[in-house]
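These figures come from a predicted structure and were not determined experimentally.
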Amino acid sequence: MTTALPILQETFQSLLDSSPENQELDMQLYNESFVYNDACGDLEERQGQLCHRLYQQLQQELQYHRKHAHSRSQNDAVEAENIDPNHTTESKSIDKCESTTTTSSIRTLFPDQRVSDLLELVVTPLLNARVETQQLLPATQDVDANEEVLDNKAALSLTLPSLQAGRLYAHLLSRPGALGSGLVELGPLTALVALIRRWNLECCGREKDALSTKEPQHMAAGSLYEGESPSKSPPKKRWRANTTDSAEDDSEETKDDDVTSDSKDENVLSLGSLVALEVSKIAQQQEFASWSSESQEILLDAIVSAMGTAAALVASKGGDAAGTFTAQCILEQGQKSLVQCIAGKSLEENENQFQQQRQESAIAVLRGLMHLLQQKVILPNGERGMQHSHDMAGQVVALLMKKIWERANADTRSSIVSKTPSQKGRRRSNVGSLVKTPRSASARGRLSLDGLTIMTSPVLKKKHTRTSGVGTMATDKRKPRGIQALFVGLLQKLATGRSGLEKATLRKSTVKMILSCLAWMSHTDRTYFLKYLLKICHSKVSVHRLVACELLGEVLSQHWLDEHMHDYLEDEDDYDDHDDEHQSPTSCNNSQTTLPQALWRGLRGRLVDRISSVRAAAAASLECAASAAQGTGNDNKTALNDEDVEQLLVALTRRAMKDDTATVRKTSVVAMSKLLRIYKQNISDFHLAAICDLCQDASLLTRRAAADSLTILLHVFTNSPSDPYFVGLIEEAWSSNVLPMVLDEETSVKAVELFHQIVLTPILDDTHGSLNQQEAAWRVLSSIGNMSGQHGASKGATRALQKALSQIMRENPNLINSKLLREVASVANETLEHDSVPESKVVGVWCLIDSLLSVDGVNPKQKSMKFEFCARGWEVMLQRHLNAPKTTWLRTTLKFSLSLLSKSARSMDSLEAEKCHATLLEHVISFSLPPDSLGSAIAALRELSFVHGTQDDMKFWVGKVFDRCEEEMSDFLLSLNGDSGIPISRVIQSREPALLRALFTAGELSVIGFNPEEEKQSSPSFVHIPPSKRLQELIQIMVSDSLPCKGEVKTPTCIRAHAFTVLGKFCLTNETLARKSLTLLARELHPTLTNTEPAVQSNALLVLGDLCVRYTNMSDRYLPVMASCLQNGTGTSESLLLMDQAAVVRKHAVLLLSSLLLQDYIKWRGLLFHRFLVACSDDDVEVASLAETVLSGPLWVRNPKLFFNHFVESIFVLNRCTAHPIYIAAANQGDGGSGIAVGFEGINLNGPGGESKRRQMYDFLLSKLSDEEKIGVTARLAKEVLGGAIESTGDLSKACQGPPPNNGFGSPRWESAWNVLTDSFYVLTHKAIKVKKIQEDTEAVALEDPNLPNSPRHVIAAKNRLLSKISLKHMMEIVLPILCNLKVKLQASNSPLLKDLMVYFLEIFRTYKTEVKEFLANDPQLLQEIEFDARHQGVRPSL
């Protein structure tokens, strides 16, 4: 290859001679030295071609030497193998070193030339060459050209000559001897970095061109494109064409330009990737360590920039495979270079100087990587490209840390063998001093790295500190030293960045990167970082706390955390969460806290953070840590003691129950369930009650998460040894909370899946469920059946079971009709044949089969099914019940068996049906059946009559039963007047069970054939046998307060309650009786009635509600009586026990009236809304919660302006300001002149207790107002209340002129008017009435919540800005003038209300300080008073 050296020198000399400074340029010789003789372009293009030719010759020389070196190594290997067959490592060592030993140096290639002259004459000018700006600007009237320039792509200003020169220069730098030849200069290096960065910018939008590796034809084969110079980049645009040519020439030129434009862009950008590849190899040379610090910094910056661009280009979905390979080669070579610079071995004797140089290189590299990690660099492929470059940078940092810590460990081990010499004169006092570069001040400024050394905790909350410095000294000794400190500082900087971490994707990638780096740290350095992580949990910046929470959750799931089980915190006060409101006093013991315990406690403390996203992240991290501990069997869970676990569970439970954000509730309940799976011994009723409440949460995700949690807990506690008490609680909780979710359209699919998983799968398939799971399935069904048999129990669970089976039937009919029915029939026969079957299995199977036969499409007549048990099952269960009458589960099973008999009656033959009918009728007449089974028995009798009898037969047995009921009631009344000498109380007690059965039976018989869906029917469409007149009279006697006997005997409450129910059923089919009974029912509900019985009133209210639906015109006038039940028992001086008993009446009143309102049977008349509002502050928590739910739920949805329309009048009504026109208008609302309106009698909200209740109602109303409605309420209060106080007449005006109504001073009207004004000021100064503002700072970081409307943030911000302007205009033009006039009046009369007025002034001043100053410019005294109050608001007590 020696013949190639003259050619290289000749080309090099031609390149030098091409400089414009050389006036003796011989163009003829220049052209003859090349293969082609075409007309070349300008000077830059010719120089670029020469650079490219010289680069090709250098590559050929390099390939020749490598080829011969490889041949020699193979020959040596063969000879060595012949001598020693085991000698196999020599060839490998030669291969590894051939890149260094076979590369010719610069001196060898150019022995007679000064290579440094090339920089100043050619390379530097070409590297700085760009397309002129004037050539990039289009003509103003060319629409297409303007659109092309105004797109997102950067202008293509790079030229082929500049990239060719850059490639040549980078290759020369990678050769040995570049430093000695004078090629390493700051100017060309800076230009090379600028070239790489410009290439990165111009690749944006042209990713496919950048990934293409198609060489220009003149570069590959030595020929040019047809009719065009290859080095002209970019090609001339259409608007730069010669306008003097003909139209035909213009069109041809335009076509040629269109064809070559894309290819020219492709040539430029693809050549840029080759330049980046050469740049990434430079730092691998050994002499790179001898470069100056400034030069090293510049080149390392170029390498990092090239790697970032290459990683972003790899993210392209399309592109040339070879181009992608080039980008990957850039990443590979760049990684090698960075590892060589930072973690390579020292070849110098001065180890201290080498360590300092490594630190300087590390700072330069980490600064560039940090920009990629923070996504502050514009890269190709947009967000996807930045994400790929972020991942690449994270991998590089992790690799460097791995190499550095491995070398540090190796050095430590070697130092044990031979002690290293002392570094007395060169030791620095801190890490920051080691990174100073001695070359220049500018370099020293650049190498500061903005805090990549060890950082202090960022803006921590103020906490008390210990005076002792022992712990601090211990911590300082453990700070990372040397180059390790830079990497620890980088991780700290990334964890505490302020920009970009609000995005979930960047935050997740940052956490992943930091976690991968922590695995390679030494124990001491990792301990230091984890303590720092605990400190930023208390940062004032919410993003820092958010990152800390997510990172802690991942750290707690790592196996290397076991190494820190014996690391203790010296200064525990610096890591304690003092804002944890749930921390128990016993938690502050004298025992030391281990580092893993501190991590768990740090997460627990963030559960009470003021930012919802931080609370959600803390709960999610706890769930992640618990999942990892459970799934991998990690021993990190042993870091928590029982006290920590209990506190953690309590904190999660309270977050799940009380947090305002749905995301926090959802993550908290998931984390709580995960912890309960691990620490099963810590489960309690409190935790289960919280999960059950969340199954009815307003958020869909929260409900689903709670349902999943209960299901998983049921699996865990069923399949492992657990306390049977809690297993039963979980099963009951699942059946009463998860299964009813089937009735919810939003959660029906999920609930059906869980039902199939818990109940059907264990019953049908033994291979997928153990015996424990089958028993749990039967117990769940038994719980559903037992709930349906309880007094006052809801039918929700039973209806949900039927709906779940119906949905499964529609999806898989074969599963129900064949498999499930066969299995259920087999188990049901087993329960009848054997008495030893567990009661849960007995109740469960009869409950399931009863629900199955209620599903449409289920066919019990299949041949393979043995359903004969339906006809005899009720007899067996009745006999068992008679033997044990007080057994609840037998009574429940009897009811299901009778219901099953009625549903399967029509599938029986006539003889069997007649036999069952006769036997069952005998039991009904003898009143031997329990009361809760009588309804099912009568329904079974009716169905059996269709099989064996006619309508006359039905009339016969119904009349016979009626006669038996009448006989029982008559005998009861006669026994009261008998002369047997037995006390009446004992007579009543002995005959009461049969009498109650007679009452219930008569009521059930009276509604046979009644169809409640037929509106206003005069007679039922089915066979109906009305009760006799005598029976109706007997029922009316039972309804009265006293029984007809010799002495006045009070009718027992249970008899009266049942009698009212029977009377209501009679009234549904008898309009005449209904007209006569309405007054009786209303009298029982009247608020003036004394000695009331809540059970009787509750039944009377329900009957009156049914009659409102049945006979609307007749029951309208009784609406005030029904509305008074909303406050039943609260306006009297009765005992607390009686008030608690009356709560059931108030609860039924809320449900009944809301149902009638939703169905339009009644209207909002009079003060009905305000009675509902008072119910929201009821002393009974269930009543208040139910009233709030109804008002803010369906009633508000039906009438969105409900709260706004009644807000101002509520202030007058609640204070009984009856003389004011607003109260009068509200009281007469909706009566239509009939005088039938709901009043406010019996309600008194005066006094301290009344004031607290009123304010509770105002808070509830304000929480439901929108921003537009808040502005309207403020306007109405200012005009109608405060404006009315300014007038000369009226109660409000008089209240402003006197003292407050204390100690009985003043009339009730005076007190009401005074309370109206004070309540108005309370509302106006309430923080909830202010229009919401968009938080512009990053302090309020909001995670995406699927439960919120998916409105764009900028739309919401624009709306809020508009409303803020409207609120400001309204405040300045309406409210402030009224307040100024009111102040004059109050000040003249020395009214105490002036204090409330000034508080309102102060609130307005805080919100609109500048505008208030401008408005009060004419009243400087008032302005001074407000400013004085504002300055002393911290001293002055809050009003």
Side-chain angles (χ1 to χ4, degrees), residues 582 584 622-623 626-627 629-631 637-638 640-657 665 668-697 702-741 751 754-755 757-759 761-763 769-787 790 793 797 838-841 843-844 847 888-889:
H582 309 309
S584 63
L622 287 170
E623 184 267 335
S627 299
Q630 183 188 26
K637 62 182 182 180
T638 59
L640 292 176
N641 52 37
D642 293 339
E643 183 181 355
D644 290 333
V645 173
E646 186 60 31
Q647 291 178 1
L648 193 57
L649 287 172
V650 170
L652 285 171
T653 305
R654 292 185 177 178
R655 280 300 99 203
M657 295 177 62
R665 298 195 299 271
S668 297
V669 70
V670 173
M672 179 175 61
S673 64
K674 288 291 180 66
L675 284 175
L676 289 176
R677 295 179 222 172
I678 303 174
Y679 303 96
K680 292 183 291 186
Q681 69 276 9
N682 293 87
I683 194 171
S684 65
D685 301 350
F686 175 67
H687 304 136
L688 292 179
I691 300 177
C692 292
D693 291 341
L694 292 172
C695 289
Q696 284 83 37
D697 193 84
T702 306
R703 296 199 301 271
R704 289 181 175 178
D708 286 334
S709 300
L710 272 179
T711 303
I712 296 174
L713 286 177
L714 181 58
H715 268 298
V716 171
F717 278 79
T718 301
N719 297 327
S720 60
S722 305
D723 188 353
Y725 171 74
F726 288 108
V727 175
L729 282 182
I730 297 174
E731 291 169 349
E732 184 177 354
W734 192 94
S735 58
S736 59
N737 293 277
V738 178
L739 186 58
M741 294 173 68
L754 298 178
F755 168 75
Q757 175 185 351
I758 292 296
V759 177
T761 301
I763 294 176
S770 63
L771 181 61
N772 293 333
Q773 293 179 347
Q774 292 182 2
E775 294 176 353
W778 293 122
R779 288 196 299 268
V780 167
L781 290 171
S782 174
S783 177
I784 297 173
N786 290 328
M787 282 191 297
Q790 295 175 359
E839 61 181 65
S840 59
K841 193 172 186 179
V843 178
C847 174
T888 305
W889 68 272

What are the two closest non-hydrogen atoms of [X] and [Y], and how far apart are they?
X    : Y    : result
E732 : S783 : CA-OG, 3.6 Å
A733 : C692 : CB-SG, 3.3 Å
H715 : Q757 : NE2-NE2, 3.1 Å
I691 : S709 : CG2-CB, 4.5 Å
N772 : T718 : O-CG2, 3.3 Å
A797 : L739 : O-CD2, 3.9 Å

Inter-residue atom distance [X].[atom1] - [Y].[atom2], 0.5 Å rounding:
X    : Y    : atom1 : atom2 : answer
T702 : D693 : OG1   : CG    : 12.5 Å
N737 : I730 : CG    : CD1   : 12.5 Å
R677 : I683 : CZ    : CD1   : 11.5 Å
F686 : R654 : CZ    : CZ    : 6.0 Å
I758 : I763 : CD1   : CD1   : 11.0 Å

*Check whether any side-chain N or O of S782 sits under 3.5 Å from a backbone N or O of W778 as a donor-acceptor pair, and report yes or no.*
no
Are any of the side-chain heavy atoms of [X] and [Y] separated by less than 4.5 Å?
X    : Y    : answer
D685 : F726 : yes
S673 : I712 : no
V738 : F755 : no
W734 : L713 : no
R779 : V727 : yes

*Can you spot which of H687, M672, Q647 makes a side chain to side chain contact (heavy atoms under 4.5 Å, CB included) with L652?*
M672
_Contact list for residues 708-730, test salt bridge (charged side-chain N to carboxylate O under 4.0 Å, His left out), sequence neighbours left out_ = D708-K750
*Partners meeting side-chain hydrogen bond (donor to acceptor under 3.5 Å, both in side chains) with E623 (sequence neighbours left out)*: S627, K674
*Excluding sequence neighbours, so at least two apart, what forms side-chain contact (heavy atoms from CB on, under 4.5 Å) with N682?*
V645, E646, L649, Y679
